[in-house]
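Notes follow the structure.
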Number of protein chains: 2
Amino acid sequence: MAETQLRILVVDDERPIRRFLNASLSGQFTILEAATGEEALAAAISARPDVILLDLGLPDIDGLEVTRRLREWTQIPIIIVSVRDQEEHKIAALDAGADDYLTKPFGVGELTARVRAALRRAAHPESEPIFQKDDLLVDLARRNVLKQGQAVSLTPTEYDILRVLVQHAGKVLTHEQLIRSIWGSENVSGEEDSHLLRVNVSNLRRKLETDPSRPRYIVTEPGVGYRLKTA
Amino acid sequence: MAETQLRILVVDDERPIRRFLNASLSGQFTILEAATGEEALAAAISARPDVILLDLGLPDIDGLEVTRRLREWTQIPIIIVSVRDQEEHKIAALDAGADDYLTKPFGVGELTARVRAALRRAAHPESEPIFQKDDLLVDLARRNVLKQGQAVSLTPTEYDILRVLVQHAGKVLTHEQLIRSIWGSENVSGEEDSHLLRVNVSNLRRKLETDPSRPRYIVTEPGVGYRLKTA
DNA sequence: ATTCATCTTGACGACTTCTTGAACCTTTTC
DNA sequence: GAAAAGGTTCAAGAAGTCGTCAAGATGAAT
């Protein structure tokens with residue numbers, strides 16, 4: 001086993017801070033840098049770092065949004081590093097999917113200790129966030145869906161449904177679970193939402209399935225929900 | 001799906017703090033308390049909490065030592081809650097195996113957010129209850145039933161019956177118990193429901209058993225109920 | 001203001017599942 | 001062996017669920 005050095009992606013728009021973090025961590029880790037949210041998302045996909053240090057105040061996409069988008073396809077540990085000390089910021093970031101929240105200024109020792117803790121937990125080897133079966137390919141990291149090599153254009157809602165199905169491929173997801181993860185936990189009233197889900201699944205099938213009346217991928221589990229077939 | 005409430009072990013020698021944490025968290029979680037390190041270690045073993053909130057300043061064993069001893073056998077998330085704000089304490093605790101370090105005083109919102117984050121991370125190793133015998137396989141987590149490797153399609157009612165039987169595999173379930181857990185405790189009138197149960201069991205057997213007239217899996221206990229054979 | 005894509009709602013037919021009654025089988029009891 | 005009790009199977013209507021189409025509502029972009 002080649003002990004490759006672990007990689008940390010540092011995301012901050014201020015150059016001095018990136019330099020500081022780089023200097024603090026480069027002894028033990030390989031450092032990658034990104035100055036904007038877009039850069040961060042791109043780097044996460046192409047470089048697959050082992051930990052991401054993320055500033056909240058980015059010029060383009062807010063750090064919270066970056067966290068959410070990352071969490072759509074990966075469990076890479078995210079440690080927020082921010083000047084914002086208010087509790088609501090911390091809560092929002094942690095609930096968006098961040099693993100830890102560190103307020104500037106902080107000690108280098110604490111930072112590296114928290115990075116070590118995050119790495120220790122994440123030791124599970126992660127499988128590629130890609131679903132493939134027959135002529136359908138879903139790449140969650142790139143937000144790409146290919147049918148017979150052709151890109152399929154999905155609406156946001158359709159993609160969300162497909163993403164949740166892929167993230168639990170093989171398992172049955174109940175109507176409620178799907179509705180919750182797509183429209184939020186508030187609106188789970190009943191038949192109306194179920195119907196909405198059915199319409200969207202129908203549209204999704206029309207785009208993905210060769211024969212929508214006999215689905216190979218998204219199968220209905222009558223009275224329960226839907227399942228993305230793995231085999 | 002049995003939605004058991006998640007359990008948090010609160011370890012602190014000061015009663016007021018335990019009470020405060022208990023009050024803050026008891027809405028969402030079941031709280032267990034320990035006042036000493038010994039108590040904490042014993043409770044962790046006997047009660048298997050899902051998260052441990054640990055104060056460093058305990059009267060008998062130091063919190064750091066408690067963390068190390070816990071880490072000898074478990075990966076239960078440990079969140080240190082301490083008045084000690086110096087960096088070296090944080091580093092030592094995190095390197096001892098703690099997942100997070102929160103300095104008193106802190107907001108309840110941040111605490112619960114960090115608890116949620118810890119739970120989310122730890123939720124991965126899901127133990128999947130699977131029943132297998134001969135050529136029948138029931139995977140409750142995936143809601144999958146395989147007969148000779150072939151997926152069997154069950155109606156919601158049929159699956160419910162099978163699920164209850166699997167959850168009590170080997171034990172005899174009375175008609176009443178089965179009816180209660182499938183149609184609710186209200187309608188347990190009498191012969192009508194018993195008959196309904198029989199019809200559904202019959203349909204279930206037709207799908208699962210190789211020879212429905214001589215059942216190998218779901219056996220009838222005359223005058224009592226049904227039983228799922230384990231061996 | 002207009003356009004466009006998307007979301008949402010309603011209507012309806014096709015299909016699945018539930019429930020019930022009747023007939024048939026099996027075991028126990030007298 | 002006949003009767004009774006309990007259990008199983010079949011079939012058919014009732015009830016409910018699902019998929020699809022299409023029209024209206026929403027909201028962002030021009």
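Below, chain A is the first sequence line, B the second, and so on; all start at residue 1.
Under 4.0 Å is where a charged nitrogen must lie from a carboxylate oxygen, and between B:Asp99 and B:Arg114 no such pair does. With respect to A:Arg68 and A:Glu72, no salt bridge is recorded, no charged nitrogen being found less than 4.0 Å from a carboxylate O.
For a distance-only test at 3.5 Å, the side chain of B:His195 fails to qualify as a donor-acceptor partner of the base of D:dG7.
Proximity of a side-chain donor or acceptor of B:Thr112 to a complementary backbone N or O of B:Gly109 within less than 3.5 Å is detected.
Listed pair B:Trp183 / C:dC18 fails the phosphate criterion, with no side-chain N or O lying under 4.0 Å from OP1 or OP2. Between B:Thr155 and C:dC18, a side-chain N or O to OP1/OP2 separation shorter than 4.0 Å is present. At D:dC18, none of the side-chain N or O atoms of A:Thr220 fall inside 4.0 Å of OP1 or OP2 (strictly under the cut-off). Residue A:Arg198 places no side-chain N or O under 4.0 Å from the OP1 or OP2 atom of D:dG19. Within the 4.0 Å cut-off from OP1 or OP2 of D:dC10, at least one side-chain nitrogen or oxygen of B:Arg206 is found. Residue B:Thr157 places no side-chain N or O under 4.0 Å from the OP1 or OP2 atom of C:dT17.
D:dT17 atom P lies 17 Å from atom CG of A:Leu196, rounded to whole Å. For A:His175 and D:dG19, the NE2 to C1' distance is 12 Å, given to the nearest whole Å. A:Ile161 places its CD1 atom 10 Å from the P atom of C:dT8, with the value rounded to the nearest Å. Between the CG atom of B:Leu178 and the P atom of D:dG7 there is a distance of 12 Å, given to the nearest Å. For the pair A:Asp160 CG and C:dC7 P, the computed distance is 9 Å after rounding to whole Å. Following rounding to the nearest Å, B:Asn203 (CG) and D:dC10 (C1') show an atom-to-atom distance of 10 Å. Atom CD of B:Glu209 and atom C1' of D:dT8 are 13 Å apart (whole Å). Rounding to whole angstrom units, CZ of residue B:Arg214 and P of D:dT9 are separated by 12 Å.
Residue contacts for A:Val201: at a heavy-atom cut-off of 4.0 Å it reaches no nucleic acid atom on any strand shown. Using a 4.0 Å heavy-atom criterion, one finds that B:Tyr226 contacts the sugar-phosphate atoms exclusively.
A:Ala34 meets the side-chain contact (heavy atoms from CB on, under 4.5 Å) test with A:Leu9, A:Val11, A:Glu39, A:Ala40; sequence neighbours excluded.
Under the 3.5 Å distance criterion, with hydrogens and angles disregarded, a donor-acceptor pair is assigned to the side chains of B:Thr220 and B:Arg205.
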